[in-house]
Amino acid sequence: MAEQTTELEQVERVQLGVRMEKRIVKVLKGLAEYDNMTLGQLLEKIVLHSFEPEPGSTKSLSVIADLKRIYGLNYDVHASRSFDESL
């Protein structure tokens, strides 16, 4: 059987300062921990998957739904247009 090697992609990572809604961050951190990866790795994975035509796996979507329920994240993608930070 032929040995298969995968060439690693050389990348340069940069520090990114962003602000996000607190409950979204809690869900992301919980999912990263569940998948045994860093928050940065998870965000890269999410962005790269968003560039692909296929949605996330059923198992990941189930975990995300549970984490959203636990942390009270009860809005969808369209709600970000109406966020109010004045509280």
Side-chain angles (χ1 to χ4, degrees):
M1 182 170 232
E3 196 174 312
Q4 213 176 22
T5 60
T6 304
E7 189 174 325
L8 297 177
E9 183 71 30
Q10 198 67 29
V11 297
E12 178 184 357
R13 289 196 167 87
V14 296
Q15 191 69 32
L16 181 64
V18 298
R19 291 171 43 92
M20 294 182 75
E21 199 276 329
K22 184 177 181 177
R23 292 170 291 179
I24 293 173
V25 173
K26 287 182 177 183
V27 170
L28 288 171
K29 285 182 175 182
L31 185 58
E33 183 177 333
Y34 175 82
D35 284 339
N36 196 31
M37 60 177 62
T38 68
L39 181 57
Q41 290 169 323
L42 176 65
L43 291 173
E44 285 179 346
K45 179 180 174 183
I46 290 170
V47 170
L48 290 171
H49 275 285
S50 74
F51 297 160
E52 298 292 325
E54 295 297 318
S57 73
T58 304
K59 185 174 180 180
S60 289
L61 293 175
S62 174
V63 171
I64 291 167
D66 288 343
L67 290 167
K68 285 174 70 174
R69 182 183 46 75
I70 290 166
Y71 293 116
L73 183 59
N74 55 0
Y75 49 81
D76 65 9
V77 66
H78 305 292
S80 65
R81 291 186 223 130
S82 61
F83 284 174
D84 179 9
E85 289 190 55
S86 64
L87 300 175

(request) Using a cut-off of 6.0 Å, state whether more than 12 heavy atoms not belonging to E33 lie near its atom CD. (result) no

(message) Under 4.5 Å between side-chain heavy atoms, counting indirect links through other Ile/Leu/Val/Met/Phe/Trp/Tyr residues: same cluster for V14 and L42 or not?
(response) no

(request) Mind checking the CD-CZ spacing from E44 to R13? Nearest 0.5 Å is all I need. (result) 4.0 Å

(request) Drop me the distance from K26's NZ to K68's NZ, to the nearest 0.5 angstrom. (result) 16.0 Å

(message) To the closest 0.5 Å, what do you measure between NZ (K29) and OH (Y71)?
(response) 9.5 Å

(message) For N74 versus R23, what's the shortest heavy-atom pair and its separation?
(response) OD1-NH1, 4.1 Å

(request) Evaluate the side-chain proximity of Q41 to D35: yes if any heavy-atom separation is below 4.5 Å, no if none is. (result) no

(message) Nearest 0.5 Å, please: how far is CG in L67 from CD1 in I24?
(response) 13.0 Å

(message) Are L28 and I46 packed together at the side-chain level, in the sense that at least one heavy-atom pair is separated by less than 4.5 angstrom?
(response) yes

